[in-house]
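No experiment lies behind these values; they were computed from the predicted model shown.
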Amino acid sequence: MVVGDEQWGHLQVDATSLFLLMLAQMTASGLHIIYTTDEVNFIQNLVYYIGRAYRTPDYGI
């Protein structure tokens, strides 16, 4: 679920994950979306961020 800025909370992990999922699905369908090494590095950093963020408890905050 993606919400407006005033309701954001900790959903940045969910929004980033949704972005990566859509990117992966579009790439798997044959679209060429990522062209440069900088873009590859950016996406890889997002994957590392999500991997680390999901291991960090937020205690429902």
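- Taking Ser29 as the reference, Leu31 meet the side-chain contact (heavy atoms from CB on, under 4.5 Å) condition, with sequence neighbours excluded.
- Atoms CZ and OG1, on Phe42 and Thr37 in that order, are 15.0 Å from each other to the nearest 0.5 Å.
- Taking every heavy atom of both residues into account, Glu39 and Ile33 meet most closely at OE1-O, 4.1 Å.
- Distance OG1/Thr27 to CE/Met22: 11.5 Å, rounded to 0.5 Å.
- Listed by chain and number, the residues in a side-chain contact (heavy atoms from CB on, under 4.5 Å) with Phe19 are Leu23, Ile43, Leu46 (sequence neighbours excluded).
- Leu21 is linked by a side-chain contact (heavy atoms from CB on, under 4.5 Å) to Gln25, counting only residues two or more places apart in sequence or in another chain.
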